[in-house]
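The structure under discussion appears below in the form of structure tokens.
Residue numbers run from 1 in the order of the sequence given.
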Amino acid sequence: QVQLVESGGGLVQPGGSLRLSCLASGINLENYAIGWFRQAPGKDRERVTCTGRDGATYSEDIAKGRFGIFRDSAKNTVLLQMNSLKVEDTAVYYCAARAAGCHGDYGMDYWGIGTLVTVSS
């Protein structure tokens with residue numbers, strides 16, 4: 001069975017940092033592009049950042065300069081490092097994998113169930 005499991009969410013103050021993990025089983029993440037997405041209450045899901053099989057990264061404006069995506073291939077894990085967090089970053093964060101890469105007008109192959117990040121004083 002293929003499974004993606006996110007972890008690392010929780011409560012953090014504005015300006016703080018948090019590291020999320022996406023652990024895969026049943027697939028080797030080196031064969032997939034990996035994206036991080038988020039969905040805030042009452043809002044549509046949006047992509048945060050993505051890394052391709054070649055190591056290239058593609059970050060949306062909401063993430064540039066604050067968030068980074070990294071692979072830990074030995075652990076079959078992808079990390080999302082989140083810095084300078086803002087209240088508006090509060091959302092459920094999901095990781096997803098796609099063999100075809102970060103681009104294209106079609107869906108991801110596999111999704112995790114998400115982890116909640118709450119930014120509040």
*Shortest non-hydrogen contact between Cys22 and Trp36, atoms and distance*: CB-CZ2, 3.7 Å
*Nearest 0.5 Å, what's the CG-OG distance between Asn28 and Ser73?*
7.5 Å
*Check whether any side-chain N or O of Arg53 sits under 3.5 Å from a backbone N or O of Ala100 as a donor-acceptor pair, and report yes or no.*
no
*asked:* Once rounded to the nearest 0.5 Å, what's the spacing between atom OG of Ser84 and atom CZ of Arg66?
replied: 7.0 Å
*Could you tell me the separation between the CG atom of Leu11 and the OG1 atom of Thr90, rounded to the nearest 0.5 Å?*
8.5 Å
*Do the side chain of Asp89 and the main chain of Lys86 share a donor and acceptor less than 3.5 angstrom apart?*
yes
_Shared hydrophobic cluster, Met108 / Val2 (ILVMFWY, side-chain heavy atoms < 4.5 Å)_ = no
*Say you draw a straight line from CE of Met82 to CZ of Arg19; how long is it, rounded to the nearest 0.5 Å?*
12.5 Å
*If you take all heavy atoms of Ala97 and Ile27, which pair is closest and at what distance?*
CB-CD1, 4.4 Å
*What's the verdict on salt bridge (Lys or Arg N to Asp or Glu O under 4.0 Å) for Lys64 and Asp61, showing C-alpha distance, side-chain angles and the deciding distance?*
CA-CA 5 Å; Lys64 288 181 178 178; Asp61 288 342; 3.7 Å; yes
*Between the side chain of Arg98 and the main-chain N/O of Ala33, is any donor-acceptor distance below 3.5 Å?*
no
*Short question: side chain of Thr51, backbone of Ala56 - any donor-acceptor pair under 3.5 Å?*
yes
_ILVMFWY cluster, Tyr58 and Ile62 together (side-chain gap under 4.5 Å)_ = no
*Could you pull out the closest heavy-atom pair between Pro14 and Val87, with the gap in Å?*
CG-CG2, 4.0 Å
*Can you tell me which residue pairs pass the disulfide bond (SG atoms under 2.5 Å apart) test with a partner in residues 41-78, sequence neighbours excluded?*
Cys50-Cys102
_Atom of Leu85, atom of Val12 and distance for their closest heavy-atom approach_ = CD1-CG1, 3.5 Å
_With heavy-atom distances below 4.5 Å as the criterion, would you say the side chains of Leu23 and Gln3 are in contact?_
no
_By the side chain to side chain donor-acceptor pair (under 3.5 Å) test, which pairs, at least two apart or in different chains, include something from residues 108-121?_
none
*Tell me, do Ile34 and Leu29 make a side-chain contact under 4.5 Å, heavy atoms counted?*
yes
*Does Arg38 make a cation-pi contact with Tyr93, if we ask for NZ or CZ under 6.0 Å from the ring centre and within 45° of the axis?*
no
*Salt-bridged, Asp72 to Lys75, with N to O below 4.0 Å?*
yes
*asked:* With a 3.5 Å distance limit and no angle check, can you tell me whether Asn76 reaches the backbone of Ala24 through a side-chain donor-acceptor pair?
replied: yes
_Rounded distance [0.5 Å steps], CZ in Phe70 versus OG1 in Thr57_ = 8.5 Å
*asked:* Assess, by modelled atom type and distance only, whether the side chains of Ser17 and Asn83 contain a donor and an acceptor separated by less than 3.5 Å.
replied: yes
*What are the two closest non-hydrogen atoms of Gly112 and Glu6, and how far apart are they?*
CA-OE2, 3.2 Å
*asked:* When you group the ILVMFWY residues by side-chain heavy-atom contacts below 4.5 Å and let the links chain together, are Phe37 and Val78 in the same group?
replied: no
*Given the rule that I, L, V, M, F, W and Y join up when any side-chain heavy atoms are under 4.5 Å apart, are Val117 and Leu79 in one cluster?*
no
*asked:* Take a 6.0 Å sphere around CD1 of Ile113 and say whether it holds more than 12 heavy atoms from other residues, nucleotides or ligands.
replied: no
*asked:* Under 4.5 Å between side-chain heavy atoms, counting indirect links through other Ile/Leu/Val/Met/Phe/Trp/Tyr residues: same cluster for Val48 and Leu4 or not?
replied: yes
*How many angstroms lie between atom CD1 of Ile69 and atom CD of Gln81, to the nearest 0.5 angstrom?*
12.0 Å
